[in-house]
There are 2 protein chains.
Amino acid sequence: MRAGLIAAGVELARSGGPEAVVLREATRIVGVVPNAAYRHFADRDELLAEVCTAAMNELADRMTADLTRIRGKRGNPDAARRRLGAIGSAYLRFAQEEPGLFATAFAVPRRHSYADRDGATDGSIRSTPLGLLRAALDELVEAGVLDPQRRDGIEYPIWSAVHGTAELTGQGPLRDAPDAELRRIEALTLTFISNSLT
Amino acid sequence: MRAGLIAAGVELARSGGPEAVVLREATRIVGVVPNAAYRHFADRDELLAEVCTAAMNELADRMTADLTRIRGKRGNPDAARRRLGAIGSAYLRFAQEEPGLFATAFAVPRRHSYADRDGATDGSIRSTPLGLLRAALDELVEAGVLDPQRRDGIEYPIWSAVHGTAELTGQGPLRDAPDAELRRIEALTLTFISNSLT
DNA sequence: ACCCTTAGTGGACACTGTCCACATTAGCTC
DNA sequence: GAGCTAATGTGGACAGTGTCCACTAAGGGT
């Protein structure tokens, strides 16, 4: 039942973003009275938090799926570059194809903060976007593409650039630009990152 | 009165983000009955849209304020670099000091879209964040710092990097990191951008 | 057989955005 | 000045939301 409510919430988030994951509607989908949800979640925010991590997990899953499609031995410079590019592409594609889920993944309510659940501070056990990015950067160092002296902390500017592009072109001021322009901007960001590795 | 409602909305947005700009509360502040607002705004969304542009304008104003503090002739390479840095710093500082307004500036409702009001697509008459950034980049080209061949479209990756940093450290997964770490991440992004100009 | 935890129900409250009909008031025309 | 018109604000209502409270089954352990 808890899982059912979360699944319903994910569906609501997919088509309408975090605002659309409304408790009463989720219970309606499951076919139960609104208050029943309070046996499984303290708040609407607790339900929303679960939906958020589900959305974040789906993003991570899509990234790994794209990542495994890139051939080439670990440590190969060209393959390492392509893997980094795949990470960025998957991120941007997810934001574009699933705008609701993307917005939801980053709309975790203040109360139920990220803690270490999504590996924001450490790329722990589960595959997480930041963890995947770090692994790709480590491989780039190993492959001799990225200067080890520049490795420390570089995941943040790179993540920021990709995330900012997703945000600005998806829901931000650039959202009404024609599709071709949006793709161009995404490509500009990816090559900007690639250029800054040398 | 219209202005009063917008001002009240800005105050609500300042301490609570876009979600906090609730029509009834704004009318309460102005000291009028809820429905009176409908003589001046079609929707709550129309009020919110005005509040959003007000927030965006305040961001632009702070950026120009910081910008005028940078001495140095136009075309001087060092001054040009410092001006670009000031733009990024002001952006990040605004996001940190006024999280509510920052979030609101980018939460324009779908209906009342940006149009060309904030100069998203062209840095028109009024001073706008993107317009300021473009001017700074043009000066960097003029100063011989930035290769003219790399100038085209480079405002988007740069804007994205700064915006993404603001988002990730402000409301995103990194928001719970210690303050020192947040400043470090911001500095990393700014030097990342600076390095990528050469 | 009892009791106690769990899961779900029914009813209520405060709050929101929004619609409708009404009152007031300012300004204009005759 | 009298009266019409447009603008502005009021009062009351409705649906929808999150959330609290008291209540009712059902199931399992003693």
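Order of the sequence lines fixes the chain letters, A, B, ..., with proteins taken first and strands second; residue numbering starts at 1 for each chain.
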Decide, yes or no, whether a salt bridge links [X] with [Y] under the criterion of side-chain N to carboxylate O below 4.0 Å.
| X | Y | result |
| --- | --- | --- |
| B:Arg111 | B:Glu46 | no |
| B:Arg93 | B:Glu98 | no |
| B:Asp66 | B:Arg69 | yes |

Classify every nucleotide of nucleotides 6-15 of chain D by which part a protein heavy atom approaches to under 4.0 Å, writing B for the base, S for the sugar-phosphate alone and - for neither, in 5'-to-3' order.
--BBBBBB--
Could you tell me how far apart [X] ([atom1]) and [N] ([atom2]) are, to the nearest whole angstrom?
| X | N | atom1 | atom2 | value |
| --- | --- | --- | --- | --- |
| A:Glu46 | D:dT19 | CD | P | 11 Å |
| B:Leu23 | D:dT17 | CG | P | 19 Å |
| B:Glu19 | D:dT17 | CD | C1' | 13 Å |
| A:Asp43 | D:dT17 | CG | C1' | 14 Å |

Testing the 3.5 Å rule here: is there a donor-acceptor pair between the side chains of B:Ser196 and A:Ser196?
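Judged by distance alone, the side chains do not pair up.
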When you compare the side chains of A:Ser113 and B:Arg175, does any donor N or O come within less than 3.5 Å of an acceptor on the partner?
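Yes.
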Below 4.0 Å: OP1/OP2 of D:dT19 and any side-chain N or O of A:Tyr38:
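For A:Tyr38, the contact criterion (side-chain N or O under 4.0 Å from OP1 or OP2 of D:dT19) is met.
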Counting only side-chain N and O atoms of A:Arg28, is one of them less than 4.0 Å from OP1 or OP2 of D:dT17?
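For D:dT17, OP1/OP2 do have a side-chain N/O of A:Arg28 under 4.0 Å.
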Judged by each residue's nearest nucleotide on DNA chain D, which is more toward the 5′ side, A:Ala42 or A:Glu25?
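Counting from the 5' end, the first nearest nucleotide belongs to A:Glu25.
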Does the separation of the ring centres of B:Phe102 and B:Tyr91 fall below 6.0 angstrom?
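Yes - the distance between ring centres of B:Phe102 and B:Tyr91 falls below the 6.0 Å cut-off.
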